[in-house]
Amino acid sequence: KKAETRKEGEILIGFSSRDLSAEYTAKLSEAIVDYAKTKPGVKLVMVDAQSDVQKQFSQVENFIAQKVDAIILNPCELEASTPAVDRIKAAGIPLVLVNQVTKSAGDSYIGSNDFDAGRIAVEAIAKKLNGQGGVLMLHGIMGTSAQLQREAGAREVFAKYPGLRLVDHQTASWDRAKAMALTENWIQAHKGKFSAIFAHNDEMAMGALLALERAGMKKDVYVIGIDAIAQALTAVKEGRLDATVFQDAVGQGKGSVDAALLLARKQPCPKETMIPFQLISRENLSQFLK
Amino acid sequence: MLRALELRKDFGGLTVLHPTSVEFRPGEVHALMGENGAGKSTLMKVLAGLYRPDGGHVEWRGNKVAFGSPHDALVAGIAMIHQELMPIPDLTVAENITLGHEPCVSLGRIDRAAQLRLADKLLLELEADIAPDRLMRTLTVAQTQVVEIAKALGRQADVILMDEPTAALSDHEVAALFRAIARLKARGVAVVYTTHKMEEVFKLADRVSVLRDGRLVGSAPAAELSPAKLITMMVGRDLSDVYPARPKPSADILLEVDGLTREPAYREISFRIHRGEVVALAGLMGAGRTEIASAIYGLQPAASGQIRLRGQPISVRSPRDALAAGIGMVTEDRKGLGLIPALGVGQNITLTALREFCYGPMLNHTAEVAAQQAQMAGFSIKASSPAQPIGQLSGGNQQKALLSRCLLTGPELIILDEPTRGIDIGAKAEIYALIQRLAHAGKAILLISSELPEVLALAHRIVVLRRGSVAATLDATQTDQETVLRHAMPL
Amino acid sequence: MLALDRNLLHRFGLLLVILGVGLALSVATDTFLSVANLTNVARQISINGILAVGVTFVLLTAGVDLSLGSVVALSGVACATFAHPGEHPVIIPIAVGLLTGAACGLVNGALVTRGGVAPFIVTLGMMTIARGLALIVSGGRPVANMSNELTAFADDLFGVPIPVLCFAAVAFAAWFFLRNFRLGRHIYAVGGNENAARAAGVPVERVKLFAYALCGLLTGLAGVVLAARITTGQPNAGQAYELDAIAAVVIGGTSLAGGVGTITGTLLGVLLIGVINNGLDLMGVSSYYQAVIKGVIIVGAVWLDRRQSRS
Amino acid sequence: MLALDRNLLHRFGLLLVILGVGLALSVATDTFLSVANLTNVARQISINGILAVGVTFVLLTAGVDLSLGSVVALSGVACATFAHPGEHPVIIPIAVGLLTGAACGLVNGALVTRGGVAPFIVTLGMMTIARGLALIVSGGRPVANMSNELTAFADDLFGVPIPVLCFAAVAFAAWFFLRNFRLGRHIYAVGGNENAARAAGVPVERVKLFAYALCGLLTGLAGVVLAARITTGQPNAGQAYELDAIAAVVIGGTSLAGGVGTITGTLLGVLLIGVINNGLDLMGVSSYYQAVIKGVIIVGAVWLDRRQSRS
Ligand SMILES: Nc1ncnc2c1ncn2[C@@H]1O[C@H](COP(=O)(O)OP(=O)(O)OP(=O)(O)O)[C@@H](O)[C@H]1O
Ligand SMILES: Nc1ncnc2c1ncn2[C@@H]1O[C@H](COP(=O)(O)OP(=O)(O)OP(=O)(O)O)[C@@H](O)[C@H]1O
Ligand SMILES: [Mg+2]
Ligand SMILES: [Mg+2]
């Protein structure tokens, strides 16, 4: 049977995911695939851009050649993914952007704003420390949109609280082992000068957490990540991790499939559906554990 | 025309060439003689710009020069044939020959036709039958050597340094080379010639200089020298009786080869070797001698035919099988199939027989080093220590080390492919004696050598090959060079 | 001509694998054989293709260049910085991109030849240095707002994408150069036996320097093409591009030990990788399995190719 | 003993650079020379160290292994899958991790020796295959919930981290093996001149198979240690670890052409990289500049080292 041969009236949706080896994106993609399966008469083809803008561009071109009915794009980048979006629009194919905007708008955007995630996380730190104290920040891969926007959000809050000092910041490339080594080094370099760590994702937060625990310093340091991956939630539950910022993968996933179907059927569809980030700590954890 | 003035060269604190002065004149063949490791190649490499001298300087047409690279020397008009073969395996013969001075149309675009013509002309001059568009890697060692010669001749140089150009050649090509040298002489080219083949010196040289341990022992017109005198100068003592007497072989057959075939290299090869017997394979270049030996040693198994050792058929698929059966070999291709250049001389020697110096899988360093030292002394291998990388040794000393590696396993059948190539006259005599001692001890020896006098003096029987087939089997004591050659020549 | 035929025959196994994969894809999908899709494949392989041609030169000299990906990013950023609309004529950003690449290549070459440092180390160093510079120059942010003249560089000309034309021109020039020019043959000689080449008077150092600089120049070109295609200079672009490029070259029969290999082979290698990437996406194979299948096809193709060329 | 001395002297330039960097860091920061920090350095280099020792064997045979990082991930995931509390005795997940690595190495070795495919291609293929398998096995999600017995593998024993002890044991065993075992000598011979080694009766294929399998086994060990350290089997762990490991080995003087190199050199290379990474973090150098400085120091160190050992 031909891979993309469709039955009469079947709707074919192409979905390019940013990176399936990153846990949050994998969760989002799974939600999209699973939800599409529940819709009769819909076929969804998923491809993985592996964080490479140019590869994603190629995949979009492949979708256009396949004449899909709608495309769900989880763009790699804010700026660099714009030409791919323009190409889709030029081909007249309905486009849903999910989780990341680009310079050109799609027909619909489902997601949250990474800027907010950074803001929420550092606000939580400021609240915990009463606006006074040293903070360390672990960056994602430098130059990626998520890193840039999460940093920008964080910086805004730092500007608001003069007592909150950014003691040091460094990239650990979204990687737990790297974050762990970096935190070990920081414990040497900045012992006693920091009381919170903000990691751009939960993987790195877990790494920082492990390093602090090993050094017996966890109780003195507030650690917060972003994404609410399973392990982070467990860690919050166990009282190890202080908090994480929830990004609703299932909500984004469902929303984007619904939007794609509406567009493919030429029905009206909201231009933008924001699914906001939410802070998760021990207090409100139960809402998020299923 | 070219003068070395007080040239000195050190390697890692060791002086290899003590201040030496020699002069080379146009239209003259100047032979450079000396034992292995005497410093002949080193001197030539300094003259050719490959090494920078650590003292003294080179004078060229009356001017002091300092060549920074072989390129400078070539531009000045000095070319060299290196002792170590230097093919570029994946370029064609023509490209190898014209390397560095390719004929060009414009803007560095190669004129292929001219390139082929030039290569053809040079190969023709050397009377070699090698197609210029063949890939270098498909050539035999001898053919590679011919290409190396053509490469230097094509340079139209005023001085050609030839470092053992005939080591891998058989008589036919040697004769062609000599005719080419005569033409060079007539054109006023200065030829510097190194060899370990005595008779070549007296056939060719106008002047002879002798080096010993990096020092110039003397320089004299060839006419004033006799072989005996020359040997004394080189070795520092007399050398009588180069060829020892042949012991009588036993009636016991050790090796039988029956109908060995691997087209197109050789077919239906049959011969036998008794214990205590030396059998030589003779033939022109490319006759298939090396390939037959390689088949017996398992380097390149034959397609069909049988090999029997001690009356038992054996299957040799690899050198390991051969070694296990008691067959050892010294290969012709020293660099490709012999040396592990970065390992020490000692470790190269004990490589094959390493199991003997082990407790189980572990090395017994004491026993190993003792064996290394014994072997190096026994074969008078000149090296600063057993740990010196073998790649740094002079060609002759490398050869001796490989011979020692082969014998250390105590094989019963010993295959020697050009064993004396590049070996000095003193060491040759030692190897000849060794061969006969081995024969006397009941070993069987299969000898391949392009030097017919050697073959005639050492072997009991000679199997003459012609284009991959046995042309004749001769009793060495009853035959002469002409007979062998007549059988070896293609009809 | 002879050498070309010999080479195609030599790489026959590879050609067969590519045709086999292509045939399988034509049967399995409706779109693979469409003009639109084949144009896509061509467009998609052009950047890897330009890089692969460049690094073929370096690999032929028995060197290696691990800095390709980072230098693509650096050149792209440098190009984009000068490409804001109305600031400079379009030739300036292009030249800046190319020269940035060439400069990196030149530094690599100089360190390898004058410094005597192993190419692996030199270009690994350049890999992190160029990445760092790309981040410093751009402040870690994508350099956007590029003029239309420059982004037009990724458009079509008479229906053929300009990147594809660039790639074709580069490949043809490289093929012609390696076959017919003295310097081209010297590259083989240096890689085949460096000492022999030096003894024959080949200016080994200059030849190597040329190979690295040319590779750098082409990397710069790839950077410009990529920047035009994604309309930004992306400081973290090009991650691991060197692996795909080197893989294409080695699949095409070039030896990492130097001295053996052809541009024709490299093209086949680039094509194989491109077709696999395109085909697996078209078939909708899940990306985890894609990785496994891609690895198996690449190893299998080379294995078949070598088996066939040995017999 | 002699060989050791010669080697240290040989790598004297490198030692000097490391001491120089160490001295500079002791002056520039208060913390570098503290016991706690040096323990950190030791802990952080142990994974790269184990990988580097393993890949030294492969590089000595003139091969290469690009699959290290992916195999670390796969072994870690495999180990973690069997390490849930109360399911199996702790030896099981450890054995699974080690054997997974060894199996990958064995496949690499078999394809290189029996298949005759270039090591670069084989291990590049394994790189994507192992990564794909790691993602498939784990479903793309970190495998968490590991038993304390296993994560204790990353704790201290008498004040020394167990990963450091593992690394030390592995390095010592490898050093001893290469010097004192026949097989060790054979590895050098095969890398030095494969054809000559074969002609001298060395079982070349078996030797290479051993090198790849051993490298795989040690990669598996690194995977287990990493999983214990980060308390999860991470399918996307170990990205580009192969580059750091190979860099360390080459910095330490092992030739990519094979046949030359020592474990002592590799240790120095690992140490240099570790000290740079730690030092730059301690000094608070910005990420962008870290990349540049790291590249410069590595190239500079090798350049100095080679210059000194030539004279
Ligand atoms: N690169 C090197 N490093 C160290 N020692 C060297 C090097 N090259 C040559 N030697 C030493 O220099 C000495 C002279 O070597 P050379 O090659 O000049 O001898 P030769 O007279 O040509 O001998 P042969 O007749 O065996 O070719 C030898 O003892 C050799 O070990
Ligand atoms: N690698 C090769 N490729 C193609 N043909 C070869 C190759 N090696 C040898 N031959 C051919 O095989 C035949 C036998 O070669 P072999 O090396 O056995 O000759 P030989 O008698 O030992 O001569 P010599 O050693 O003097 O060159 C020759 O015709 C030669 O051209
Ligand atoms: Mg010599
Ligand atoms: Mg022969």
Side-chain angles (χ1 to χ4, degrees), chain C residues 62 64 66-67 70 107 111 114-140 235 239-240 243-244 246-247 250-251 253-257 286-303 305-307 310, chain D residues 62 64 66-67 70 107 111 114-140 235 239-240 243-244 246-247 250-251 253-257 286-303 305-307 310:
Chain C
V64 74
L66 299 177
S67 67
S70 300
V107 171
L111 284 167
R114 313 257 144 218
V117 182
F120 185 91
I121 292 290
V122 168
T123 59
L124 187 77
M126 181 57 81
M127 174 176 168
T128 83
I129 293 173
R131 180 70 62 192
L133 289 177
L135 286 163
I136 292 173
V137 169
S138 66
Q239 305 274 2
L243 279 185
D244 259 6
I246 298 176
V250 178
I251 290 171
T254 296
S255 156
L256 284 170
S286 118
S287 76
Y288 303 167
Y289 288 92
Q290 276 204 16
V292 176
I293 295 173
K294 191 173 159 186
V296 170
I297 294 185
I298 288 178
V299 175
V302 174
W303 177 71
D305 185 45
R306 299 303 175 268
R307 234 170 80 104
R310 240 180 299 161
Chain D
V64 73
L66 299 177
S67 67
S70 301
V107 171
L111 284 166
R114 311 260 143 215
V117 182
F120 184 91
I121 293 290
V122 168
T123 60
L124 187 78
M126 181 56 80
M127 175 176 168
T128 82
I129 294 173
R131 179 72 62 193
L133 289 178
L135 287 163
I136 292 171
V137 169
S138 66
Q239 305 275 3
L243 281 185
D244 259 8
I246 298 176
V250 178
I251 290 171
T254 295
S255 155
L256 284 171
S286 113
S287 305
Y288 305 167
Y289 289 92
Q290 275 207 12
V292 176
I293 295 174
K294 191 173 158 185
V296 170
I297 294 185
I298 288 177
V299 175
V302 174
W303 177 72
D305 185 45
R306 299 300 176 271
R307 233 171 80 104
R310 240 182 298 160

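Numbers restart at 1 for each chain; the letters A, B, ... are given by sequence-line order, proteins then strands.
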Engaged part of D/Ile121 at the chain C interface, taking heavy atoms whose separation is under 4.5 Å: both
Structural part of D/Ile293 lying under 4.5 Å from a heavy atom of chain C: neither
Most contacts with chain D, counted as non-hydrogen pairs under 4.5 angstrom, among C/Val64, C/Val299, C/Leu111, C/Leu256: C/Val299
Interface moiety of D/Leu133 toward chain C, non-hydrogen atoms closer than 4.5 Å: both
Option in D/Gly140, D/Pro119, D/Ala118, D/Ala134 with maximal non-hydrogen atom pairs under 4.5 Å from chain C: D/Gly140
side-chain contact (heavy atoms from CB on, under 4.5 Å) against D/Leu135, all qualifying residues, sequence neighbours excluded: A/Ser21, C/Tyr288, D/Arg131, D/Pro235
C/Leu243, C/Asp244, C/Val250 screened by side chain to side chain contact (heavy atoms under 4.5 Å, CB included) with C/Ile246, the one that passes: C/Val250
Shortest non-hydrogen contact between C/Ala257 and C/Ala62, atoms and distance: O-CB, 3.3 Å
Considering all heavy atoms, the nearest D/Ala291-C/Gly132 contact: CB-CA, 3.9 Å
D/Ile136 versus chain C, the contacting section by heavy-atom distance below 4.5 Å: both
Contact winner vs chain D - C/Leu66, C/Ile297, C/Ile298, C/Thr128, heavy-atom pairs under 4.5 Å: C/Thr128
Rounded distance [0.5 Å steps], CH2 in C/Trp303 versus CZ in D/Arg114: 13.0 Å
